[in-house]
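Report on the following structure.
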Amino acid sequence: DVQLQASGGGLVQAGGSLRLSCAISRGTVENYAIGWFRQAPGKEREGISCISSDLGVTDYADSAKGRFTISTDIAKNTVYLQMNSLKPEDTAVYYCAADRPVYCSGYGLPHIRYSYYGQGTQVTVSS
């Protein structure tokens with residue numbers, strides 16, 4: 001099965017930026033939809049962005065639009081999430097996940113669930 005490893009989290013002040021990385025192994029990023037999800041304490045996991053290189057689709061939840069950008073480096077088999085203008089409410093554990101390309105089709109966020117999840121990376125935004 002495909003494996004994913006998220007990294008790049010940390011502590012940042014409100015208004016700051018972070019770039020998360022999702023390294024994919026046992027699979028090729030072009031063959032999957034890759035999504036970024038987050039889960040804050042006491043809250044359900046939510047999908048915030050996804051990309052399907054096969055379908056040429058990127059999508060964002062309302063909470064991420066205008067602030068987050070998802071991208072793919074095919075040569076590195078890695079997906080990135082650039083997060084700008086961070087807010088305290090962005091504090092959560094962030095996970096990347098994979099599923100069939102159709103799982104990023106321009107709708108589905110934030111409630112969609114993927115089949116394969118990696119370990120998360122903590123993002124903490126201080127006020």
Side-chain angles (χ1 to χ4, degrees):
D1 292 340
V2 63
Q3 294 184 342
L4 307 100
Q5 179 64 55
S7 62
L11 174 64
V12 65
Q13 289 188 333
S17 299
L18 283 173
R19 189 179 78 158
L20 305 183
S21 299
C22 176
I24 294 115
S25 58
R26 296 189 179 182
T28 303
V29 65
E30 296 161 283
N31 294 338
Y32 294 92
I34 304 298
W36 282 98
F37 295 74
R38 68 185 182 187
Q39 188 165 19
K43 295 187 177 181
E44 291 188 355
R45 186 176 297 182
E46 63 170 340
I48 55 174
S49 184
C50 66
I51 187 165
S52 170
S53 300
D54 183 58
L55 298 179
V57 173
T58 59
D59 195 20
Y60 300 90
D62 288 345
S63 59
K65 286 179 181 176
R67 300 189 300 129
F68 296 179
T69 303
I70 194 169
S71 63
T72 299
D73 186 328
I74 293 174
K76 295 183 177 180
N77 220 30
T78 299
V79 172
Y80 302 99
L81 185 69
Q82 177 67 42
M83 305 188 296
N84 299 328
S85 302
L86 284 163
K87 305 174 183 179
E89 51 264 44
D90 293 317
T91 295
V93 178
Y94 284 68
Y95 303 85
C96 56
D99 213 305
R100 292 177 291 144
V102 71
Y103 274 65
C104 186
S105 301
Y107 61 93
L109 295 173
H111 302 295
I112 196 167
R113 296 293 180 261
Y114 279 26
S115 296
Y116 305 99
Y117 287 84
Q119 291 187 332
T121 185
Q122 176 71 46
V123 171
T124 303
V125 184
S126 62
S127 57

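Residue numbers count from 1 along this sequence.
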So, do Q122 and T91 sit near enough that their side-chain heavy atoms are less than 4.5 Å apart? yes

Hey, does the side chain of Y114 reach the backbone of Y103 with a donor-acceptor pair shorter than 3.5 angstrom? yes

With heavy-atom distances below 4.5 Å as the criterion, would you say the side chains of I34 and T72 are in contact? no

Calculate, to the nearest 0.5 Å, the distance between atoms CZ and OG belonging to R100 and S105 respectively. 9.5 Å

Quick one: do the D99 and S115 side chains pair a donor with an acceptor below 3.5 Å? yes

Kindly work out whether a path of hydrophobic side-chain contacts (I/L/V/M/F/W/Y, heavy atoms less than 4.5 Å apart) joins V102 to V79. no

State, to 0.1 Å, how close S85 and R67 come at their nearest heavy-atom pair, and which atoms those are. O-NH1, 3.0 Å

Is the shortest heavy-atom distance from the side chain of L81 to the side chain of I48 under 4.5 Å? yes

For A61 and P110, which heavy atoms make the closest approach, and how far apart are they? CB-CB, 4.3 Å

Minimum heavy-atom separation for D54 and E30, please, with both atom names. CB-O, 3.5 Å

How about L55 and C104: do any of their side-chain heavy atoms sit closer than 4.5 Å? no

Let me confirm one number: the OG-CG distance from S25 to N77, rounded to the nearest 0.5 Å. 8.0 Å

Examine I51 and Y116 and state if one hydrophobic cluster contains both, with Ile, Leu, Val, Met, Phe, Trp and Tyr joined whenever side-chain heavy atoms are less than 4.5 Å apart. yes

Quick one: are V123 and M83 in side-chain contact, heavy atoms under 4.5 Å? yes

Using the rule given for side chain to side chain contact (heavy atoms under 4.5 Å, CB included), can you reason through T78 versus V29, listing the C-alpha separation, both sets of side-chain angles and the distance that settles it, and then say yes or no? CA-CA 7 Å; T78 299; V29 65; over 6 Å; no

Could D90 and K87 be called an ion pair, given the rule that one side-chain N must be under 4.0 Å from one carboxylate O? no

Is Y32 reachable from F37 through a run of hydrophobic residues whose side-chain heavy atoms are each under 4.5 Å from the next? no

Return yes if some donor-acceptor pair links the side-chain N/O of R113 with the main-chain N/O of R45 below 3.5 Å, else return no. yes

Looking only at heavy atoms, which two atoms of Y95 and Q119 are closest? And how far apart? CD2-C, 4.0 Å

Any side-chain heavy-atom pair of C22 and W36 under 4.5 Å: yes

Closest approach of C96 and L4, non-hydrogen atoms and distance? SG-CB, 3.8 Å

Transitive ILVMFWY side-chain link L11 to Y94, under 4.5 Å: no

Run the ring-ring contact (aromatic ring centres under 6.0 Å, His included) check on F68 and Y60 step by step: do they pass? CA-CA 8 Å; F68 296 179; Y60 300 90; 8.2 Å; no

Between CD on residue Q82 and CG on residue L18, distance to nearest 0.5 Å: 8.5 Å

Please name the pair of heavy atoms, one in Q39 and one in K43, separated by the smallest distance, quoted to 0.1 Å. NE2-O, 3.1 Å

Is there a path of hydrophobic side-chain contacts, each under 4.5 Å between heavy atoms, that joins Y117 and I112? yes

